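Computed over heavy atoms, backbone and side chain alike; hydrogens, waters and symmetry mates excluded. For this chain, numbers begin at 1 and follow the sequence in order. Every value quoted in this text rests on a predicted model; they were computed, and no experiment measured them.
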Amino acid sequence: EQLDQTFRHAMPPHHIPESISDLTYTVYRARILPIDHLRSTVRKDFVPDHYPGSVQALYEWTPDEATIEFYSSNVQEPSIFRSIHREMDDVSLPSWCDNNPKRFI
């Protein structure tokens, strides 16, 4: 019921609660945030393998939370799934979307 109310009154409409933690927010956006930010928010030693590598792993880690980029079709190019870090792989998407971020959203 609370999530439905959030959806009805949010712009753009979404089901994301306001209480998403800085840690969760940073881990979801790890592929597009600077490594210095990851070190200051997640842990001092940056180890790419310690971040969830797939949408499934992210969901298993925090099933009730996600950032708006995972749901919004208003995003021009959903780059949250593509890593800017050569040491970190892109987020693996479900097979049903043919590794296409726009199709996933």
Side-chain angles (χ1 to χ4, degrees):
E1 185 178 313
Q2 184 177 1
L3 291 177
D4 290 337
Q5 184 171 338
T6 300
F7 184 85
R8 284 192 300 274
H9 299 288
M11 268 324 226
H14 61 80
H15 286 102
I16 301 170
E18 298 296 326
S19 61
I20 190 168
S21 70
D22 287 343
L23 175 62
T24 299
Y25 186 73
T26 300
V27 168
Y28 267 82
R29 297 174 50 87
R31 282 149 178 88
I32 61 172
L33 292 173
I35 290 176
D36 287 342
H37 183 80
L38 301 177
R39 286 185 175 131
S40 69
T41 306
V42 180
R43 71 172 54 103
K44 188 177 177 180
D45 296 323
F46 174 70
V47 180
D49 292 338
H50 291 178
Y51 292 83
S54 67
V55 169
Q56 179 178 345
L58 284 165
Y59 178 76
E60 289 169 356
W61 185 60
T62 59
D64 296 331
E65 300 177 319
T67 63
I68 191 71
E69 294 93 342
F70 277 75
Y71 302 102
S72 176
S73 60
N74 294 333
V75 177
Q76 292 291 330
E77 183 58 39
S79 61
I80 194 166
F81 304 104
R82 305 287 179 235
S83 182
I84 63 170
H85 314 295
R86 59 177 163 68
E87 37 308 63
M88 183 183 280
D89 293 335
D90 295 341
V91 173
S92 296
L93 299 173
S95 59
W96 56 262
C97 69
D98 298 321
N99 206 33
N100 182 323
K102 288 184 179 183
R103 186 174 291 155
F104 173 75
I105 290 173

Keeping to residues at least two apart or across chains, list the salt bridge (Lys or Arg N to Asp or Glu O under 4.0 Å) pairs with something in residues 31-43. Asp36-Arg39
Atom OH of Tyr51 and atom CZ of Phe46: how far apart are they, to the nearest 0.5 Å? 6.0 Å
Sequence neighbours left out, what passes side-chain contact (heavy atoms from CB on, under 4.5 Å) with Ile84? Give chain and number order. none
Any donor-acceptor pair under 3.5 Å from Ser79 side chain to Arg82 backbone: no
Looking only at heavy atoms, the pair that brings Phe81 and Phe104 closest together is CZ-CD2, 3.6 Å
Considering only heavy atoms from C-beta outward, does the side chain of Val42 approach that of His37 to under 4.5 Å? no
Please tabulate, one pair per line, all N/O donor-acceptor pairs under 3.5 Å involving side-chain atoms of residues 88-99, not counting sequence neighbours.
from  : atom 1 : to     : atom 2 : distance (Å)
Asp90 : OD1    : Ser83  : N      : 2.7
Asp98 : OD2    : Arg103 : NH1    : 2.7

Say whether Ile32 and Ile35 are linked into one hydrophobic cluster, either directly or through other cluster members, by side-chain heavy-atom distances under 4.5 angstrom. yes
Going hydrophobic residue to hydrophobic residue with side-chain gaps under 4.5 angstrom, can you get from Val47 over to Leu58? no
Do the non-hydrogen side-chain atoms of Tyr25 and Thr41 ever get within less than 4.5 Å of each other? no
Least distance between heavy atoms, Pro52 atom then Val27 atom: CD-CG1, 3.5 Å
